[in-house]
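Take a look at the following structure, please.
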There are 2 protein chains.
Amino acid sequence: MNHSDFSELDLTSLLSLSFSTSINELHTRLSELGFGDIRPVHGFMFKCMTPNGATGIELAEYLGITKQAVSKMVDYLEKRGYVNKQPHPTDKRGKIIILTERGWLVVKAKENILNELEQRWIGNIGAERLQMLKEDLKRIVYETNEGNIPSMFRPVW
Amino acid sequence: MNHSDFSELDLTSLLSLSFSTSINELHTRLSELGFGDIRPVHGFMFKCMTPNGATGIELAEYLGITKQAVSKMVDYLEKRGYVNKQPHPTDKRGKIIILTERGWLVVKAKENILNELEQRWIGNIGAERLQMLKEDLKRIVYETNEGNIPSMFRPVW
DNA sequence: GAAATATAGTCAACTTGATTGACTACATTC
DNA sequence: GAATGTAGTCAATCAAGTTGACTATATTTC
């Protein structure tokens, strides 16, 4: 098999490749900024925490993993200064996990890098095509999931 | 955070979502056909083995994992009747891993399902737009990796 | 052509990121 | 107020990968 031949790639492989490509670049850049201990899954957690924090259960549902797994991740991130646990305002069982200043730095850096990536893509295929691409992907995801966002907000196998 | 709001999704999230969506559907369907023991990574292995088989090292490079990990996967797949190991024709150290008939059944089924998926997407966004989408994604992947296919042919985090 | 080095694959031990199950404390329902 | 449900934690386990050590064969170098 010839690995540098793109022509036979089906759409699913293309989606896989383009996703890997961007997530790899994102995290290489984050590493260079001193956030080498942030994994892709953390980025998705942060997204769920913005702007007002989230409970463990919310994170677990969002990521499609168990609350125990979330608990470990939160400990990991707390130890490294990215998040804090706060008591839930109304539910004494619950905790709210919020971003620290350092956590927000990652979120901002991530946004900047992704914007840059999109700009480069605009350079490759043009702004209208990029807009179309986004719309089409949204539509495909939306239709395939019958209007519901997929429960597993996280590509894993 | 409102999980059913698509509008703010950046391109990377969209790529992630659309990839998950299709890979999930693919493997749900494969499960229904009795291939529930096939994981996404196996599909990528099979692709590397077609049509004439591959050595362990080739698979390892293709997937971006160690040869030991490949060895385990091959054992797993051999035990379940999807692949066979054959002595390498010229190199007595080497083995060639080839698909069995059952392995080919999976490959065919996969192709059918992915084609069906693409047809449904054509129903959603039209054939020209799908063609453009594929071209744009190819271009993006190609440019970002400077003409080389990414070594890690496999989305993992 | 023999010695040195490199490569394909295996075996075993370990790491990591997840899981399941059992438990505590608080909330909700009846 | 009692029964049931829910948020989070602790501990044990699992699964998919890793690293390191090894054998057998190939290739290079002198």
Side-chain angles (χ1 to χ4, degrees), chain A residues 20 23-24 27 36-46 48-49 52-80 82-98 151-157, chain B residues 20 23-24 27 36-46 48-49 52-80 82-98 151-157:
Chain A
S20 311
I23 208 83
N24 284 344
H27 284 271
D37 48 4
I38 293 294
R39 286 190 299 126
V41 67
H42 302 141
F44 285 77
M45 285 186 93
F46 290 174
C48 183
M49 289 182 207
N52 298 316
T55 67
I57 298 271
E58 281 167 352
L59 289 168
E61 278 169 5
Y62 184 72
L63 297 173
I65 59 180
T66 59
K67 55 186 181 169
Q68 293 93 324
V70 167
S71 187
K72 285 187 195 175
M73 283 183 199
V74 169
D75 287 348
Y76 174 95
L77 292 170
E78 191 174 33
K79 201 173 294 175
R80 285 161 182 78
Y82 294 105
V83 305
N84 270 143
K85 284 181 230 167
Q86 290 194 346
H88 192 286
T90 64
D91 187 335
K92 281 187 190 162
R93 294 167 306 177
K95 294 179 184 174
I96 299 211
I97 296 120
I98 57 159
S151 62
M152 201 171 78
F153 209 106
R154 175 196 66 128
V156 132
W157 66 21
Chain B
S20 310
I23 209 84
N24 285 344
H27 283 273
D37 48 4
I38 293 295
R39 285 189 299 128
V41 67
H42 302 140
F44 285 78
M45 286 186 94
F46 289 175
C48 183
M49 288 183 207
N52 298 317
T55 66
I57 297 271
E58 281 168 352
L59 289 169
E61 278 170 4
Y62 184 72
L63 297 174
I65 59 179
T66 60
K67 56 187 180 168
Q68 293 92 325
V70 167
S71 189
K72 285 186 195 176
M73 283 184 200
V74 169
D75 287 348
Y76 174 95
L77 292 170
E78 191 174 35
K79 201 173 296 175
R80 285 161 182 77
Y82 293 105
V83 305
N84 270 142
K85 283 181 231 167
Q86 290 194 347
H88 192 286
T90 64
D91 188 334
K92 281 187 191 162
R93 296 167 305 176
K95 294 178 183 176
I96 299 211
I97 296 120
I98 56 159
S151 62
M152 200 170 78
F153 209 106
R154 175 195 66 129
V156 134
W157 66 21

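Both backbone and side-chain heavy atoms feed into the values below; hydrogens, waters and symmetry mates do not. Order of the sequence lines fixes the chain letters, A, B, ..., with proteins taken first and strands second; residue numbering starts at 1 for each chain.
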Between the protein and nucleotides 24-30 of chain C, list the N/O to N/O atom pairs that are separated by less than 3.5 angstrom.
| unit_1 | atom_1 | unit_2 | atom_2 | d |
| --- | --- | --- | --- | --- |
| dA27(C) | OP1 | K92(A) | N | 3.0 |

Excluding sequence neighbours, so at least two apart, what forms side chain to side chain donor-acceptor pair (under 3.5 Å) with D75(A)?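 Once residues adjacent in sequence are excluded, the partners of D75(A) under the side chain to side chain donor-acceptor pair (under 3.5 Å) criterion are K85(A).
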Using a 4.0 Å heavy-atom cut-off, does K72(A) contact any base of the nucleic acid, only the sugar-phosphate backbone, or nothing at all?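 Since a base atom lies under 4.0 Å of K72(A), the category is base.
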Work out which heavy atom in M73(B) is nearest to a heavy atom in R39(B); give both atom names and the distance.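 Shortest heavy-atom separation between M73(B) and R39(B) comes out as CE-NH2, 4.2 Å.
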Between A54(A) and C48(A), what is the shortest heavy-atom contact and its length?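 Heavy atoms only, the tightest pair is CB-O, 3.9 Å.
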Nearest of dT18(D), dT9(D), dA8(C) to any side-chain atom of K67(B)?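 Within the option list, the nearest is dA8(C).
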Roughly how many Å is it from CD in E61(A) to C1' in dG8(D), rounded to a whole number?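 E61(A) atom CD is separated from dG8(D) atom C1' by 14 Å.
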Report yes if a donor N or O on one partner sits less than 3.5 Å from an acceptor N or O on the other, where the partners are the side chain of K95(A) and the base of dG8(D); otherwise report no.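 By the distance-only test, no, there is no pair.
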At 10 degrees resolution, what angle do the end axes of the helix from dG1(C)-dC30(D) to dC30(C)-dG1(D) form when each is taken over five base pairs?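 Here the local axes at opposite ends form an angle of 30°.
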Nearest atoms (heavy-atom pairs only) where Y82(A) meets F46(A):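 So the minimum-distance heavy-atom pair works out to CB-CZ, 4.0 Å.
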How many Å lie between CG on L63(A) and P on dA18(C), as a whole number?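 So the two atoms are 9 Å apart, to the nearest Å.
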Any idea which heavy atoms bring N52(B) and I98(B) closest together, and the distance?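 Result for this residue pair: O-CG2, 4.3 Å.
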Identify the two heavy atoms, one from V70(B) and one from G56(B), that lie closest to each other, and give their separation to 0.1 Å.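 Reported closest heavy-atom pair: CG1-O, 3.8 Å.
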Taking only the side-chain nitrogens and oxygens of S71(B), find out if one of them lies under 4.0 Å from OP1 or OP2 of dT10(C).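 Answer is yes, contact under 4.0 Å.
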Taking C-beta and beyond as the side chain, do K95(A) and T55(A) meet within less than 4.5 Å on heavy atoms?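 The answer is no; the side chains never approach within 4.5 Å.
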Kindly give the heavy-atom pair with the smallest separation between V83(B) and V74(B), and that separation in Å.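 For V83(B) and V74(B), the tightest heavy-atom pair comes out as CG2-O, 3.9 Å.
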For D37(A), does its backbone N or O pair with a side-chain atom of Y76(A) as donor and acceptor, under 3.5 Å?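 Side chain of Y76(A) to backbone of D37(A), a donor-acceptor pair under 3.5 Å: yes, one is there.
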Q68(B) CD to dG9(C) C1': how many Å, rounded?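 Going from CD in Q68(B) over to C1' in dG9(C) covers 9 Å.
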Report yes if at least one side-chain N or O of T66(B) is closer than 4.0 Å to OP1 or OP2 of dT18(D); otherwise report no.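 Indeed, a polar side-chain atom of T66(B) lies that close.
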Nucleotide dT9(D), atom P - distance to CD of E78(A) in whole Å: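 After rounding, the reported distance stands at 9 Å.
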Distance in angstrom units between I96(B) CD1 and dT25(D) C1', rounded: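 It is 16 Å, rounded to the nearest whole Å.
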Rounded off to whole Å, could you give me the CG-to-P distance for the D37(B) and dA15(D) pair?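 Spelled out: CG on D37(B) to P on dA15(D) is 14 Å.
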Whole-Å gap separating P (dA18(C)) and CZ (R39(B)):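 From R39(B) CZ to dA18(C) P: 15 Å.
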To the nearest angstrom, how far is I65(A) atom CD1 from dA15(D) atom C1'?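 Those two atoms, CD1 and C1', are 16 Å apart.
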Would you kindly compare D75(A) and Y76(B) by the position of their nearest DNA chain D nucleotide and give the one closer to the 5′ end?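 Final value for this comparison: D75(A).
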